Amino acid sequence: MGVSTSAPDQGVAVVTVDFPPVNALPVQGWYDLADAVRAAGRDPDVRCVVLTAQGRGFNAGVDIKEMQRDTAAGGHGALIGANRGCAEAFAAVYECEVPVVAAVHGFCLGGGIGLVGNADAIVASHDATFGLPELDRGALGAATHLARLVPQHLMRALYYTSRTATAHELQAHGSVWKVVPRDELHDAAMELAREIARKDGYLIRLAKAAINGIDPVDVRRSYRFEQGFTFEANLSGVADRVRDAFGTDRPHKDEEDRS
């Protein structure tokens, strides 16, 4: 359980996330992921990083239960930690010195969108779905990264409704490189990573820096701007109300007040 790194092929590092049951990462998990990706990128022998996960899905975002426990105790430490940890993990993927290939299976939600939206390429299994259920969980954020996967108006509709998009839909928009059966996902991601890793190591680092340099959006600053509204939602009390209703059949309190 946790974050691990392996080197199955020359020039390729694989960073694997494993936080059962659904890869909803605790605060420390986001920092561990950031450290692993940055370390892999700094390794002079690595020319491509594959980001993958074990279990039922790629990523289910932050550990809401950790946040609820902290809030019940009267603190905001878990929220601040999750904000900072997510920002660091997303930035680590974007700023990794070499290209990052995300291998996505099952659900990719919330923080998962931040990771894959900042990756250089995405390979997905047929069952992969992508979405930001933030409004259903009392949070905001990662629209910055969803906007890198789908066109602007689709991003807004997905964000406001908390709906998901399939891997095939994202492939149609050009943001997913290849969609394969679940049991072929690892091989497909490694095939792309090996092709990238055959490039000169110094040159591929220059290419990554050059492409990031011409990006029209400062993803770190844009995401941190979004997070300010997440904190505002918490201070106002609406976040707790929505989070407490998450996973139950009862309506939110504001809906009860109108009935």
Side-chain angles (χ1 to χ4, degrees), residues 17 19 21-31 33-34 53 57-94 104 106-118 129-150 154-165 217 219-255:
V17 176
F19 285 89
V22 294
N23 283 323
L25 273 59
V27 170
Q28 188 58 50
W30 292 107
Y31 283 107
L33 176 54
F58 178 78
N59 190 283
V62 303
D63 186 343
I64 293 178
K65 292 181 180 179
E66 180 183 40
M67 202 172 296
Q68 288 174 318
R69 288 193 298 269
D70 187 60
T71 301
H76 292 294
L79 171 64
I80 294 171
N83 274 6
R84 292 179 176 174
C86 284
E88 282 306 304
F90 301 170
V93 172
Y94 185 79
V104 181
F107 44 81
C108 178
L109 305 171
I113 295 294
L115 296 172
V116 303
N118 273 358
T129 55
F130 302 76
L132 288 178
E134 311 307 276
L135 294 183
D136 288 342
R137 299 181 182 180
L140 298 166
T144 293
H145 311 92
L146 185 59
R148 298 167 68 82
L149 301 176
V150 297
L154 178 55
M155 178 275 286
R156 288 170 179 255
L158 291 173
Y159 196 90
Y160 297 147
T161 62
S162 298
R163 292 193 185 193
T164 59
V217 176
V219 293
R220 182 188 277 266
R221 181 181 299 175
S222 177
Y223 178 57
R224 290 297 277 168
F225 175 82
E226 289 187 73
Q227 287 186 314
F229 291 95
T230 296
F231 201 70
E232 182 176 327
N234 276 268
L235 292 178
S236 71
V238 65
D240 289 335
R241 187 172 73 233
V242 173
R243 268 198 299 268
D244 290 344
F246 174 68
T248 70
D249 292 329
R250 66 179 176 85
H252 299 160
K253 186 178 183 299
D254 59 341
E255 294 171 347

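If you're wondering where the values come from, they're calculated on a predicted model, not measured in any experiment.
- When side chains are defined from C-beta on, L33 counts as touching V17, because their heavy atoms get closer than 4.5 Å.
- Using a cutoff of 4.0 Å between basic side-chain nitrogens and carboxylate oxygens, E226 and R221 are not scored as salt-bridged.
- When side chains are defined from C-beta on, Y159 does not count as touching R156, because their heavy atoms never get closer than 4.5 Å.
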List the steps, then state whether side chain to side chain contact (heavy atoms under 4.5 Å, CB included) holds for F130 with V104.
CA-CA 9 Å; F130 302 76; V104 181; 3.9 Å; yes
Intermediate values then yes/no, side chain to side chain contact (heavy atoms under 4.5 Å, CB included), Y160 and M155
CA-CA 9 Å; Y160 297 147; M155 178 275 286; over 6 Å; no
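- The environment of CZ in R84 is sparse: at most 12 heavy-atom neighbours from other residues, nucleotides or ligands sit within 6.0 Å.
- For S222 and T144, the side-chain atoms include at least one donor-acceptor pair closer than 3.5 Å.
- No donor-acceptor pair under 3.5 Å is formed between the side chain of R220 and the backbone N or O of A91.
- Ring centroid separation for the pair F90 and Y223 comes in under the 6.0 Å cut-off.
- If you take CG on L109 and OG1 on T129, they are separated by 6.0 Å, rounding to the nearest 0.5 Å.
- Between L154 and L146, every side-chain heavy-atom pair lies at or beyond the 4.5 Å cut-off.
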Please step through side chain to side chain contact (heavy atoms under 4.5 Å, CB included) for the pair V242 and R137, ending with a clear verdict.
CA-CA 6 Å; V242 173; R137 299 181 182 180; 5.7 Å; no
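- Nearest heavy-atom pair, I113 versus H145, reported as atom, atom and distance to 0.1 Å: O-CB, 3.4 Å.
- Between the side chain of T230 and the backbone N or O of L140 there is at least one donor-acceptor pair closer than 3.5 Å.
- The shortest heavy-atom contact between G110 and A142 is O-CB, 4.2 Å.
- Atom CG in L158 sits 8.0 Å away from atom OG1 in T164 (nearest 0.5 Å).
- Judged by distance alone, with hydrogens and angles left aside, the side-chain atoms of N23 form no donor-acceptor pair with the main-chain N or O of N59 at under 3.5 Å.
- E88 places no side-chain N or O within donor-acceptor distance of the main-chain N or O of W30, the cut-off being under 3.5 Å.
- Scanning all heavy atoms of the two residues, the minimum distance from A60 to F107 falls at CB-CE1, 3.9 Å.
- V62 places a side-chain heavy atom less than 4.5 Å from the side chain of C86.
- Taking every heavy atom of both residues into account, N83 and Q227 meet most closely at O-NE2, 2.8 Å.
- Scanning all heavy atoms of the two residues, the minimum distance from V93 to L115 falls at CG1-O, 3.6 Å.
- Between A233 and G138, the closest heavy-atom pair is CB-O, 4.4 Å.
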